[in-house]
Amino acid sequence: MGNGGYWKGAVQVETQTLQRHVLTLAALEETCDPVISCYLNLETGPGAARQALDERGRLLRKSIPALQRERFEEALSRVAARLAAGFRPDSAGAAIFSRGGKQEFFLDLEFRVPLPTWIAVSSSPNIYHLVELKDTYHRYVAVLVNELNTRILEVHLGDITAAVLARRPELRERVGRGWSREHYQSHRRERTSQFASEIVKFIDEAMSKGAYGHLILAGTPRTTALLQQALPKRLVSKLIDVLPVSANDRTGDVVAATLACFVEQEQQESLAAVERLQKEIWRHGLAVAGPRATLQALKSGQADLLVLATEYVPDPAWICRGCGSCEIHIIRPATCKRCGGANLHGLDIKEELVRLAEIACCDVEIVHDSDILMGLGGAGCLLRFLAPEAYCRPAA
């Protein structure tokens, strides 16, 4: 299947490159020309994707200022041309970023996992959906084991990026030819144990080399039990589930089952991050909550983990391009209170939070259906350290 989890154009690219693309998009210098961020769900076919682009294009065209319309049409035509070129039949989602003008920019990505259909125009790329995809579908090792062989699969973004096939050594029937049945059974158990130990070595090597944090076993109950017993503690700690499947199940179906299992595990880890955030807030510890405090923590380099709710809808905000200060919940003034400049622009706080997190190499946890996190304002940060002013000083 190649060695990547998504494709750039017609070329399959290693999944690790996704992080570099996200960072490139997050750091893209703004110009006066609009950037089109086009996310497409391809599960319903290219025709539906084209219809969505046409409908959004007609609506956006009416709202684009006259001075930017030519550059907008230039960027939109490149997106349309990419759709016309078609997508790979096994792609379930695509993300296309396009800007015209002197500092033109274009990036298109295809994925084997779905994305929402979402098309927007802004002065900078919208990366939230890529960050959510990266967090949700991440990477893990799946081991498919049966009576005949074992397949060790490295799965990135729903795609098998590397595979090792180990066949179980054949054991000829020797009962009655110098061996007693007891001797034969003892030898068979020894060979089985040896084979399980060899498989564990392959798993350990794959997990260590790729720095994987999650392992899933899939197979018949007897074979997975044997393999599970042979796992050392360091791998047991990374084992998130054991799935019962038969030797006749197709690899693609089994990988899909492990992917669903991994996504469920990821959601549990996201909710655990919310619990950590809540506990740190209760004890006045290393955490802040709410968009304003979270934004400040990211700007000051305090943030260790950004925790963001999918349901969070940011309030209107603005940013001063002169000094970088921003405000939330207030009407945009004529000039910046901090520097007096008039170069003020609207700001999507949700996008700004993930952009700052990616630039700072801060981990991001996207959380679904958390009333606790929404009650905290939809966003929060676990911190590396407290700001100096947060420390209580004894009275003189």
Side-chain angles (χ1 to χ4, degrees), residues 1-5 12 14-16 90 112-113 137-175 179 181-266 268-269:
M1 290 192 183
N3 57 355
Q12 200 169 3
E14 289 186 1
T15 305
Q16 290 89 333
D90 48 4
R112 291 196 178 184
V113 289
Y137 290 101
H138 204 42
R139 44 205 292 277
Y140 62 96
V141 169
V143 180
L144 282 52
V145 56
N146 58 44
E147 303 291 347
L148 300 177
N149 57 60
T150 299
R151 286 163 287 174
I152 302 170
L153 312 177
E154 298 178 23
V155 184
H156 294 214
L157 297 177
D159 182 34
I160 301 172
T161 61
V164 174
L165 175 65
R167 297 189 182 279
R168 187 169 183 167
E170 293 184 3
L171 189 63
R172 296 188 336 187
E173 181 62 59
R174 299 183 64 173
V175 176
W179 280 18
R181 184 170 297 277
E182 290 75 14
H183 190 182
Y184 171 79
Q185 292 296 342
S186 174
H187 182 64
R188 183 175 184 175
R189 286 193 296 269
E190 182 181 345
R191 293 285 295 274
T192 299
S193 175
Q194 181 181 355
F195 181 62
S197 298
E198 291 174 355
I199 294 303
V200 167
K201 289 181 181 179
F202 282 123
I203 296 172
D204 201 6
E205 181 180 347
M207 297 285 289
S208 300
K209 185 178 180 180
Y212 292 95
H214 299 84
L215 171 67
I216 300 175
L217 302 183
T220 60
R222 195 179 78 85
T223 55
T224 54
L226 283 170
L227 194 55
Q228 193 171 356
Q229 290 173 4
L231 292 176
K233 289 183 178 180
R234 63 179 176 278
L235 294 182
V236 171
S237 66
K238 297 181 179 182
L239 181 64
I240 62 175
D241 210 344
V242 179
L243 303 179
V245 298
S246 73
N248 297 324
D249 288 336
R250 295 187 305 172
T251 300
D253 293 336
V254 177
V255 171
T258 65
L259 186 61
C261 171
F262 179 79
V263 171
E264 182 179 347
Q265 173 68 21
E266 171 58 32
Q268 293 303 313
E269 292 180 2

Does Asp253 have any side-chain hydrogen bond (donor to acceptor under 3.5 Å, both in side chains) partners at least two apart in sequence or in another chain, and if so, which? Arg250
For Thr223 and Gly219, which heavy atoms make the closest approach, and how far apart are they? OG1-C, 4.1 Å
Evaluate Thr258 against Asp241 for side chain to side chain contact (heavy atoms under 4.5 Å, CB included), listing each step before the verdict. CA-CA 9 Å; Thr258 65; Asp241 210 344; over 6 Å; no
For Tyr137, check ring pair (Phe, Tyr, Trp, His ring centres under 6.0 Å) against everything at least two apart and list the hits. none
Could you pull out all residues at least two apart from Asp204 that satisfy salt bridge (Lys or Arg N to Asp or Glu O under 4.0 Å)? Arg234
Is the shortest heavy-atom distance from the side chain of Leu215 to the side chain of Ile240 under 4.5 Å? no
Near-ring test His138/Tyr212, centroid separation under 6.0 angstrom: no
Answer yes or no: is there a donor N or O on one side and an acceptor on the other, between the side chain of Thr161 and the main chain of Glu154, under 3.5 Å? yes
What are the two closest heavy atoms between Leu157 and Val113, and how far apart are they? O-CG1, 3.5 Å
Please assess Thr251 against Ile160 for the test side chain to side chain contact (heavy atoms under 4.5 Å, CB included), listing each intermediate value before the final yes or no. CA-CA 10 Å; Thr251 300; Ile160 301 172; 4.0 Å; yes
Give the intermediate values and the outcome of side chain to side chain contact (heavy atoms under 4.5 Å, CB included) for residues Leu239 and Leu217. CA-CA 8 Å; Leu239 181 64; Leu217 302 183; 3.7 Å; yes
Are the side chain of Asp249 and the backbone N or O of Ser246 linked by a donor-acceptor pair below 3.5 Å? yes
